[in-house]
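Notes to accompany the following structure.
On a predicted model such as this, the values are computed, not experimentally measured, just so you know.
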Amino acid sequence: DRQTLVAVLQFLRRSNLRESEEILRREARLLGDDLGSAALSPTGSGLQGIPGGDADSIGGEALLSRVTAAAAIGGNVATVALFFQALVYVNAFSVGASVVVEDQPDVSAVLSAYNQQGDPTLYEEYYSGLKHFIECSLDCHRAELSQLFYPLFVHMYLELVYNQHESEAKSFFERFHGDQECYYQDDLRVLSSLTKKEHMKGNETMLDFRTSKFVLRISRDSYQLLKRHLQEKQNNQIWNIVQEHLYIDIFDGMPRSKQQIDAMVGSLAGEAKREANKAKVFFGLLKEPEFDVPLDDEDEEGENEEGKPKKKKPKKDSVGSKSKKQDPNAPPQNRIPLPELKDSDKLDKVMNMKEAARRVRLGPECLPSICFYTFLNAYQGLTAVDITDDSSMIVGGFADSTVRVWSVTPKKLRSVKTAADLSLIDKESDDVLERIMDEKTASELKILYGHSGPVYGTSFSPDRNYLLSCSEDGTVRLWSLQTFTCLVGYKGHNYPVWDTQFSPYGYYFVSGGHDRVARLWATDHYQPLRIFAGHLADVTCTRFHPNSNYVATGSADRTIRLWDVLNGNCVRIFTGHKGPIHSLAFSPNGRFLATGATDGRVLLWDIGHGLMVGELKGHTDTVYALRFSRDGEILASGSMDNTVRLWDAVKAFEDLETDDFTTATGHINLPENSQDLLLGTYMTKSTPVIHLHFTRRNLLLAAGAYSSQ
């Protein structure tokens, strides 16, 4: 686009970016030198040299603002604009303030996309005309075209506000905000407070709405219908918004039904583009290291901590002798470097397999017992809970900035002896690990001080040597469970950190916070290894995939994203929740993901195909905890409505329609009623459930703080 090129060259000349100007001219050599020389006359008079480019009609200034807006929004001049953006950023250091406007480099550029294009008094007419057209169209198209109401409403309102037609904006809002879907109420509340142009500058939600195109998935027939209507009516105002601010993902085939659309929409930026979920994901599990498991030891009474009489041993279960074949969907074993297994890890795996041999096979006929840990008198405000994999310790994060660790077995928590005492110990003795512990420090509870704000997330390392905690103070802390002291404070987030979690293999951990990014860390690195950026609002929860090659993040933008640890790419975007996401759980086989949010729904996703495959309705408040049983037969969900619910995961995932057509169009067919998947509901007296954990033998542990109101 020649006009754009000229405007860019002028901008570079005006900002004294000679070098960038030269590079751009060289890149655009196919446009000939005449363009170059024409473009460089600083006044813009050189525009006359371009065929069809008369200076008055284009207007250097206006064009410039159009270019910057296009660069920020990714309009039709994507290539040049992106190139231009890259150049500006390269030279940002030398230019200083002339390029960086406020703290968001593209705020004014983004907003200038709203320069007036239509008569403010006609906006209501335009909108009601389109509304009438959609409501009178055939049923099969109506549901799809109704998706346009919300994004058009927001953009038209913002355009009126930006151009300072405040009374028209107010009347437009009052007339049409009641027509929007109920799940956009929170966004509309924010929108209603933006009544002046000045309000738009600092408002993050609206900037997001501006910079990211709202994605609508519509069948070709419905799209043609809309296009024809807008062109006949010459309704340029709406057509401009559709082209400038919406991304219409067109598919061939039957239009989707209202129910199918409702299941998938509701996020801050519409649905995910289908392209976003096409990348290959290695969702299989890594091969377990091989070592012999002495399953038939006779000295097991000693290890039987529960003090039960010894039961007759069942036949060797398939879990103990895992198949040695590599899972075809698994990532290569060395795709990301994982820590070597230590002897203590091997010992723990052996213990785990012994426990697995005694594991109860759960199912609709055999539900787990549930043991509930209630935090009484937790006036400090319980904000996070975690339980070790072997269920021996429980940790609570509190609003008074403390982290408290309890032992939930008769074995007390002990610290390592002082250096002076350690030097006296015989290092060769068999029980050296026992001798280094100081009996005088034994207690059931240890309190860890260090954070300077509420602790929102906690996570034990798989080997139970370390504990992570993250806080409102912007740090993630690593604590030693040998000395019960803080080893490292990781500083990377500038705002509250809402969640953190160790990788199932240890060493790596992930954190997510108010700055809208998740970070991947390694315990021995001060800086993050990867930064996962893409969410449009706070990252509220994080989870590692069982093979540790992927990280899932849930956000207040009402989407879930799956990130590849190897290269930091986003490989899946799942939309469908109507409120911020607060819980994530991968199935033990790595194929499925369950997510819970403030809308009280639990959604099930097929990771390989990138599809929603189930919706579990029943909770009446935020779902804060989700966990699959050890063999994946049962999904447990815990909520602020004071209940734990058990769902039949086997039934939910069987007979899935994941053919190519479904994947291509998103025609998902969810069962009308999820009640036949509900196996049981268990009420607490007045305790919201904030954590769930299955022991190695499939006993379900739940935790929460009793609330008196």
Side-chain angles (χ1 to χ4, degrees), residues 339 342 344-345 348 373 375 378 380-409 411-419 422 433 436-438 440-493 496-513 519-528 542 544 690-691 693 703:
K342 302 192 291 290
S344 56
D345 298 333
D348 195 52
Y373 288 98
F375 289 75
Q380 304 89 344
L382 179 70
T383 41
V385 175
D386 194 31
I387 297 174
T388 52
D389 185 67
D390 70 345
S391 316
S392 61
M393 287 184 277
I394 187 168
V395 60
F398 291 87
D400 68 353
S401 75
T402 58
V403 177
R404 294 158 192 257
V405 186
W406 284 267
S407 166
V408 286
T409 62
K411 208 169 160 191
K412 292 209 160 88
L413 302 173
R414 299 168 301 171
S415 306
V416 172
K417 289 178 179 171
T418 59
L422 286 174
L433 291 177
I436 61 174
M437 291 305 184
D438 188 352
K440 293 197 285 292
T441 62
S443 66
E444 280 180 4
L445 162 68
K446 298 280 186 190
I447 304 182
L448 309 175
Y449 297 100
H451 282 296
S452 58
V455 177
Y456 291 120
T458 51
S459 176
F460 283 109
S461 66
D463 61 7
R464 300 183 296 289
N465 287 330
Y466 304 104
L467 168 66
L468 283 170
S469 62
C470 64
S471 158
E472 190 257 352
D473 62 18
T475 64
V476 180
R477 284 177 179 263
L478 182 73
W479 308 84
S480 162
L481 296 177
Q482 308 294 336
T483 58
F484 294 97
T485 54
C486 180
L487 304 175
V488 197
Y490 300 95
K491 297 179 174 71
H493 294 272
V497 186
W498 301 127
D499 196 20
T500 184
Q501 203 224 354
F502 256 116
S503 151
Y505 292 89
Y507 184 60
Y508 299 109
F509 63 95
V510 62
S511 63
R519 288 173 165 80
L520 176 83
W521 310 76
T523 46
D524 58 1
H525 284 62
Y526 229 80
Q527 298 292 335
T542 55
F544 265 96
I690 67 166
H691 189 74
H693 173 82

Could you give the distance from [atom1] ([X]) to [atom2] ([Y]), rounded to the nearest 0.5 Å?
X: R404; Y: L382; atom1: CZ; atom2: CG; answer: 10.5 Å
X: H493; Y: E472; atom1: NE2; atom2: CD; answer: 14.0 Å
X: Q482; Y: K417; atom1: CD; atom2: NZ; answer: 14.0 Å
X: S469; Y: F460; atom1: OG; atom2: CZ; answer: 11.0 Å
X: S344; Y: N465; atom1: OG; atom2: CG; answer: 6.5 Å
X: R477; Y: L467; atom1: CZ; atom2: CG; answer: 12.0 Å

Is [X] reaching over with its side chain to a backbone N or O of [Y], donor-acceptor style, under 3.5 angstrom?
X: T441; Y: S415; answer: yes
X: S461; Y: Y466; answer: yes
X: T542; Y: S511; answer: no
X: S401; Y: H451; answer: yes
X: D345; Y: K342; answer: yes
X: S471; Y: P454; answer: yes
X: T383; Y: V455; answer: yes
X: D473; Y: S452; answer: yes

Taking every non-hydrogen atom, the tightest pair across [X] and [Y]:
X: S391; Y: H693; answer: OG-NE2, 3.2 Å
X: H525; Y: Y507; answer: CE1-OH, 3.8 Å
X: L445; Y: W406; answer: CD1-CE2, 3.6 Å
X: G506; Y: P339; answer: O-CG, 4.3 Å

Run the ring-ring contact (aromatic ring centres under 6.0 Å, His included) test against Y490 and tell me which residues pass, sequence neighbours left out. F509, W521
Using ring-ring contact (aromatic ring centres under 6.0 Å, His included) as the criterion, list what pairs up with W498, not counting sequence neighbours.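 Scan of W498 (ring-ring contact (aromatic ring centres under 6.0 Å, His included), adjacent residues dropped) gives Y456.
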With sequence neighbours left out, write down each residue that passes side chain to side chain contact (heavy atoms under 4.5 Å, CB included) with [X], or none if nothing qualifies.
X: A703; result: Y373, F375, V385, I394, H691
X: S392; result: T388, D390, T409, R464
X: Y449; result: T402, I447
X: K412; result: A442, E444

Are side-chain heavy atoms of [X] and [Y] found at a separation under 4.5 Å?
X: V405; Y: L448; answer: yes
X: V416; Y: M437; answer: yes
X: L468; Y: V476; answer: yes
X: F502; Y: L478; answer: yes
X: L520; Y: F544; answer: yes

For side chain to side chain contact (heavy atoms under 4.5 Å, CB included), just list the numbers for V395 and V403, CA-CA rounded to whole Å, side-chain angles, deciding distance to a tenth of an Å, and then say yes or no. CA-CA 7 Å; V395 60; V403 177; 3.5 Å; yes
